[in-house]
Amino acid sequence: MKLFLRRSRGSFGRRCAVAATAAVLGTALSASVGVSHADDPGRPGDVVHVEPSGFPVAGMPTPVDAWKILYRSTDPLDNPIVVSGRVFVPRDGRVGTRPLVTYAVGTVGMGDQCAPSATGGPHEISELLEEGWAVVATDYPGLGTPGDHPYLVGRSEGAAVLDAARAAQRLPEANSRGVVADSPVGIVGYSQGGHSSSWAAEMAHDYAPELDIKGVVAGGVPASTVADAKQQMGKAGNPAGAMMVAIGHDAVYPELHLDSYLTDEGRKLAHKVRTGCVLDNIVAGEGKSHSQLFTSDPLDTPEWQQRLSEDVLGSGSLGFPAYVFHGTTDTIVPFEYGQRLQADWCRTGNTVEWHAIPVAEHMSAFAVGGGPALDWLGHRLAGQPAQGNCAG
């Protein structure tokens, strides 16, 4: 028996596309702890705080148990931090071990009020829950906890996604419902979430080898942050996305000194972006040019080039299969980024199923591609082997 009114696979894609729309047009639990850097580092994935929460869909209660959590993770400089998120388990009477999906959300903004755990989401995970899978969704560092969100900093996002899975497996309330240390794990994300899930996949072997990861689904992936930043930093278009990338990296790497590159107008926009949700940020950036915001281009400096180049994906040997998809007419995250990720992962010996979604933009690619991606993931979580199409 399904937990919700049965929807088509395409409806999952449409719900995800709603989230992706917010992502590309571009108080949580922090008050109970008050710090983002952990005084007692503990183990990455340890649960610091938990409280029950609901999971209403369209304002209606659902048969899902949910908990807001704070859990330990690490930043790219190996400092211990605390991250917020939510764990969801279907109330379906399942007996035995339950699969777990660690879900990486698309862009929501940089203000704490935008964090999925603060807004009751992510609501697009409904069909994951319908399959009987547990889901854990990280807010990422700096969303729902103090400090700036390290937007598109790969190692920050990847660690948060993996540690969220660890936290779900260490949560007693989830343990009693089949989420245990040997639960098969899937990683899922689109857009920023695709970047995050891809980084989690590349980091998993060294960072979280105990997780029994069966596969990763990554769509609309900005696989090269430096190329993406250069594209967004162009003279035309809305600079809000580039400002988020700049703020996110400056938050992690002290040598970048973003403020020294900003004009007074740039500092005003940076403040709005730091505290706004994605649509607010897009509105704030409308009509602003690069020259109005920056005294000089930080991307021309070796410090920025080095840190952004460290975010390039594609060099990892995953140890489990990947499903990658991208719209051929995507103007938000160009199609060639997805092509390059697929080619690089194939070249390093990974089993990759690649799907180019014809004549699809960023949001429509998720609407079309989300259902088949979940079908693929279901086979992996059930223990079935993947073939891949690297030679195709």
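In this chain, residues are counted from 1 in sequence order.
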message: Going by ring pair (Phe, Tyr, Trp, His ring centres under 6.0 Å), name the residues that satisfy it together with Phe335, two or more places apart in sequence or in a different chain.
response: Trp354

field: Minimal non-hydrogen separation, Val252 against Pro150, with atom names
entry: CG2-CB, 3.4 Å

message: side-chain contact (heavy atoms from CB on, under 4.5 Å), that's the test. Do Val108 and Val278 meet it? Break it down for me.
response: CA-CA 5 Å; Val108 296; Val278 64; 5.6 Å; no

task: Evaluate the criterion side chain to side chain donor-acceptor pair (under 3.5 Å) for residue pair Glu303 and Tyr253; output intermediate values, then yes/no.
output: CA-CA 9 Å; Glu303 294 84 4; Tyr253 303 116; over 6 Å; no

- request: Check salt bridge (Lys or Arg N to Asp or Glu O under 4.0 Å) between Glu336 and all other residues, then give those that pass, not counting sequence neighbours.
  value: none

task: List the atom of Pro372, the atom of Tyr323, and the distance in Å for their closest heavy-atom pair.
output: CB-OH, 3.5 Å

Salt bridge (Lys or Arg N to Asp or Glu O under 4.0 Å): pairs with one or both residues in residues 173-183, sequence neighbours excluded: Asp65-Arg177

message: Are Thr62 and Ser126 packed together at the side-chain level, in the sense that at least one heavy-atom pair is separated by less than 4.5 angstrom?
response: no

task: Would you kindly confirm whether Val180 and Val89 end up in one hydrophobic cluster when ILVMFWY residues are joined by side chain heavy atoms under 4.5 Å apart?
output: no

message: Counting C-beta onward and ignoring hydrogens, is there a side-chain heavy-atom pair between Leu128 and Leu374 closer than 4.5 Å?
response: yes

message: Quick check against the 3.5 Å criterion: does Glu202 have a side-chain atom that pairs as donor or acceptor with the backbone of Gly314?
response: yes

field: Least distance between heavy atoms, Tyr207 atom then Ser73 atom
entry: OH-OG, 4.0 Å

Heavy-atom pair of closest approach, residues Pro44 and Thr74: CG-CG2, 4.2 Å

field: Qualifying salt bridge (Lys or Arg N to Asp or Glu O under 4.0 Å) pairs with a residue from residues 96-106, counting only residues at least two apart or across chains
entry: Asp92-Arg98

message: Taking side chain to side chain contact (heavy atoms under 4.5 Å, CB included) as the definition, give me every residue that meets it alongside Ala200, ordered by chain and number, with sequence neighbours left out.
response: Val161, Leu162, Ile187

field: Under 3.5 Å: donor-acceptor pair, side chain of Thr295, backbone of Tyr261
entry: yes

- request: Give me the ring orientation class for Phe366 and Phe325: parallel if the planes are under 30° apart, tilted from 30 to 60°, perpendicular past 60°.
  value: perpendicular

message: Test of understanding: clusters of I, L, V, M, F, W, Y form through side-chain heavy atoms closer than 4.5 Å, transitively. Do Val359 and Ile332 belong to the same one?
response: no

Partner set under side chain to side chain contact (heavy atoms under 4.5 Å, CB included) for Asp259, not counting sequence neighbours: Leu262, Arg267

query: So, Tyr337 versus His326, ring centres under 6.0 angstrom or not?
result: no

query: How long is the gap from CG on Leu308 to CG on Leu152, to the nearest 0.5 Å?
result: 9.5 Å

- request: Consider only side-chain heavy atoms of I, L, V, M, F, W and Y, link residues closer than 4.5 Å, and tell whether Leu100 and Val95 are in one cluster.
  value: no

message: For the backbone of Asp148 and the side chain of Asp250, can you confirm whether one donor and one acceptor N or O come within less than 3.5 Å of each other?
response: no

query: Would a distance-only check, ignoring hydrogens and angles, find a side-chain to backbone donor-acceptor pair under 3.5 Å from Gln113 to Ala118?
result: no

message: Does either side chain, that of Thr263 or that of Gln292, offer a donor lying less than 3.5 Å from an acceptor on the other one?
response: no

query: Under 3.5 Å, is there a donor-acceptor pair between the side chain of Trp199 and the main chain of Asp311?
result: yes

message: Holding to side chain to side chain contact (heavy atoms under 4.5 Å, CB included), I want the full list of residues that pass it with Ser53, two or more places apart in sequence or in another chain.
response: Ala66, Lys68, Arg86

- prompt: Distance from Leu143 atom CG to Met110 atom CE, nearest 0.5 Å?
  reply: 7.5 Å

Under the ring pair (Phe, Tyr, Trp, His ring centres under 6.0 Å) test, residues paired with Tyr71 that sit two or more places apart: none

Those residues that, when tested against Arg166, pass side chain to side chain donor-acceptor pair (under 3.5 Å) (two or more places apart): Asp163, Glu210

statement: Contacts of Asp280 meeting salt bridge (Lys or Arg N to Asp or Glu O under 4.0 Å) (sequence neighbours excluded), chain-then-number -> none

- prompt: Just wondering, do Asp75 and Ser156 contact through their side chains at under 4.5 Å, heavy atoms?
  reply: no

task: In sequence, state the C-alpha distance, the side-chain angles, and the governing distance for Leu211 and Thr102, and then conclude on side-chain contact (heavy atoms from CB on, under 4.5 Å).
output: CA-CA 11 Å; Leu211 294 177; Thr102 181; over 6 Å; no

- request: Starting from the C-alpha separation in whole Å, work towards a yes-or-no answer on side-chain contact (heavy atoms from CB on, under 4.5 Å) for Val185 and Gln169.
  value: CA-CA 10 Å; Val185 175; Gln169 291 181 343; 3.7 Å; yes

message: Rounded at 0.5 Å granularity, tell me how far OG in Ser196 sits from CZ in Arg155.
response: 13.5 Å

- prompt: Looking at SG of Cys390 and CD of Gln342, how far apart are the two atoms once the value is rounded to the nearest 0.5 Å?
  reply: 6.0 Å

message: When you measure from the side chain of Ser364 to the backbone of Ala360, do you find a donor-acceptor pair of N or O atoms at a distance under 3.5 Å?
response: no

message: Less than 4.5 Å apart, side chain to side chain, heavy atoms only: is that true for Glu130 and Glu127?
response: yes

- prompt: Minimum heavy-atom separation for Gly186 to Leu377, with atom names?
  reply: CA-CD1, 4.1 Å

field: Contact summary for Val64 and Phe88, nearest pair of heavy atoms
entry: CG1-CB, 4.0 Å

- prompt: From Ile125 CD1 over to Glu131 CD, what is the distance, rounded to the nearest 0.5 angstrom?
  reply: 13.0 Å

- prompt: Hey, is the main chain of Val352 close enough, under 3.5 Å, to the side chain of Asn350 for a donor-acceptor pair?
  reply: no

query: Tell me, do Met243 and Phe294 make a side-chain contact under 4.5 Å, heavy atoms counted?
result: yes

statement: Residue set satisfying salt bridge (Lys or Arg N to Asp or Glu O under 4.0 Å) with Glu255, at least two apart, ordered chain then number -> Arg307

- prompt: Tyr151 and Thr107: side-chain contact (heavy atoms from CB on, under 4.5 Å), yes or no, with the steps?
  reply: CA-CA 9 Å; Tyr151 181 69; Thr107 307; 3.0 Å; yes

OG-CG distance between Ser198 and Asp344, expressed to the nearest 0.5 angstrom: 11.5 Å

message: Keeping Asp139 on the side-chain end and Gly144 on the backbone end, is there a donor-acceptor pair under 3.5 Å?
response: no

message: Tell me if a side-chain donor or acceptor on Ser309 pairs with a main-chain N or O of Gln305 at a distance below 3.5 Å.
response: yes

message: Taking Arg43's backbone N and O only, do any of them form a donor-acceptor pair with Asp46's side chain (distance below 3.5 Å, no angle check)?
response: yes

statement: Sequence neighbours excluded, the answer for side chain to side chain contact (heavy atoms under 4.5 Å, CB included) partners of Lys214 is Pro184, Asp212, Arg380, Leu381

Close aromatic pair by centroid cut-off 6.0 Å: His362 and Tyr190: yes

